[in-house]
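These notes concern the structure reproduced below.
In this text, all values refer to a predicted model and were calculated from it rather than measured experimentally. For this chain, numbers begin at 1 and follow the sequence in order.
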Amino acid sequence: MTLAALYGTGGVVIGPEVAQRLGVAFLDRAIPASVAAQSGVPEEVVAAADERPVRRRQRLLALLARAPSLTAGPAQDRWPLEEGEMQARIRRFMADAARSGGVVLGRGGAIVLRELPQALHVYLGGPLDARIAQAMEADNVDRATAEQRVKANDWARREYVRRAYGTDGDDPALYHLMIDATAFSVDACVELIAGAATLRMSRSK
């Protein structure tokens with residue numbers, strides 16, 4: 001299943017708990033680690049292509065420029081890969097892993113895995129003010145800092161999906177289940193998603 005989560009909705013907590021409830025892998029950190037191991041590219045370079053900050057491309061190019069300091073020997077000849085090739089490898093890993101069962105957080109998963117019959121696509125959202133309040137509590141920061149983080153991450157997420165896939169990542173048509181994660185507890189969100197995933201899998205058999 002895939003989980004798209006706006007900042008301040010607790011996706012980083014809900015995702016692993018759903019995976020544990022379903023008895024499948026949570027594929028967040030495993031994605032860049034696996035792609036790095038398969039391609040011989042240092043994990044931090046793959047992570048730079050995989051992440052979504054505003055200056056993602058600038059960071060990737062800076063890492064590639066430091067190639068000799070990050071790796072040595074035969075592996076060095078196999079990289080740097082094109083950013084697009086690394087993203088393609090990430091998408092292939094997501095598809096392969098999802099077929100065997102797993103929870104993918106972010107990365108446009110609902111778009112990448114839209115043809116996978118048994119996959120459940122979930123969106124966690126909520127009103128801006130409510131998400132800012134949850135971010136204040138979760139990050140232990142003041143309102144101004146939380147508001148800046150929420151707005152910056154919202155922009156970066158939407159821009160990533162728009163530029164990578166040419167679509168609106170908030171489009172309801174991409175998802176089977178959309179939850180206001182500020183209106184329910186983490187446990188309630190986990191129950192809703194796990195129940196929906198179980199029903200989805202049973203219908204696809």
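Heavy atoms of other residues, nucleotides or ligands lying less than 6.0 angstrom from CD of Glu159 number more than 12. For Asn140, the CG atom counts as loosely surrounded, since its 6.0 Å shell holds 12 or fewer non-hydrogen atoms of other residues, nucleotides or ligands.
Of the residues Ile179, Leu124, Leu105, the one that meets the side chain to side chain contact (heavy atoms under 4.5 Å, CB included) test with Ile14 is Leu124.
Leu3 and Tyr7 end up in different hydrophobic clusters when Ile, Leu, Val, Met, Phe, Trp and Tyr side chains are linked at under 4.5 Å. Cluster membership for Val112 and Val161, using ILVMFWY side-chain heavy atoms within less than 4.5 angstrom, is shared. By the rule that hydrophobic residues join a cluster once side-chain heavy atoms approach within less than 4.5 Å of another member, Leu192 and Phe26 end up as members of one cluster. Hydrophobic clustering (ILVMFWY, side-chain heavy atoms < 4.5 Å, transitive): Ile111 and Met178 are in one cluster. In terms of hydrophobic clustering, with Ile, Leu, Val, Met, Phe, Trp and Tyr side chains grouped at heavy-atom distances under 4.5 Å, Val122 and Val186 are assigned to a common cluster.
The main-chain N or O of Ala119 is found under 3.5 Å from a side-chain atom of Arg200 such that the two form a donor-acceptor pair. With hydrogens and angles ignored, the 3.5 Å screen pairs no side-chain donor or acceptor of Arg131 with any backbone N or O of Thr9. In this structure, the side chain of Asp171 does not engage the main chain of Leu174 through any donor-acceptor pair within 3.5 Å. Listed for the Thr198 side chain is a donor-acceptor partner under 3.5 Å among the backbone atoms of Ala194.
Electrostatic pairing of Arg162 and Asp170 does not count as a salt bridge here, judged by no charged N lying under 4.0 Å from a carboxylate O. In summary, Asp168 and Arg158 do not engage in a salt bridge, as defined by a charged side-chain N under 4.0 Å from a carboxylate O. We find that Arg21 and Glu17 are not joined by a salt bridge, their nearest charged nitrogen and carboxylate oxygen being 4.0 Å or further apart.
Smallest separation of non-hydrogen atoms from Arg157 and Ala4: NH2-CB, 3.6 Å. Pairing each heavy atom of Gly11 with each of Ala5, the nearest pair is CA-CB, 3.8 Å. Of all heavy-atom pairs between Tyr123 and Gly169, the closest is CE1-O, 4.0 Å.
Atom-to-atom distance recorded for Arg149:CZ and Met136:CE is 11.5 Å, nearest 0.5 angstrom. Taking CG of Leu113 as the reference point, atom CG of Leu120 lies at 11.5 Å (rounded to 0.5 Å). The CZ atom of Arg114 lies 12.0 Å from the OG1 atom of Thr2; values are rounded to the nearest 0.5 Å. Between the CE atom in Met1 and the CD1 atom in Ile193 there is a gap of 5.5 Å [rounded to 0.5 Å]. Atom CG in Asp129 sits 5.0 Å away from atom CZ in Arg143 (nearest 0.5 Å). The distance from the CD atom of Glu147 to the CD1 atom of Ile132 is 4.0 Å, given to the nearest 0.5 Å.
Ring pair Tyr165/Tyr160 is perpendicular by interplanar angle, where above 60° counts as perpendicular and below 30° as parallel.
Between the side chains of Asp180 and Thr182, at least one donor N or O sits under 3.5 Å from an acceptor N or O.
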Assess whether side chain to side chain contact (heavy atoms under 4.5 Å, CB included) is satisfied between Leu128 and Lys151, documenting all intermediate values.
CA-CA 9 Å; Leu128 178 62; Lys151 290 183 176 179; 4.0 Å; yes
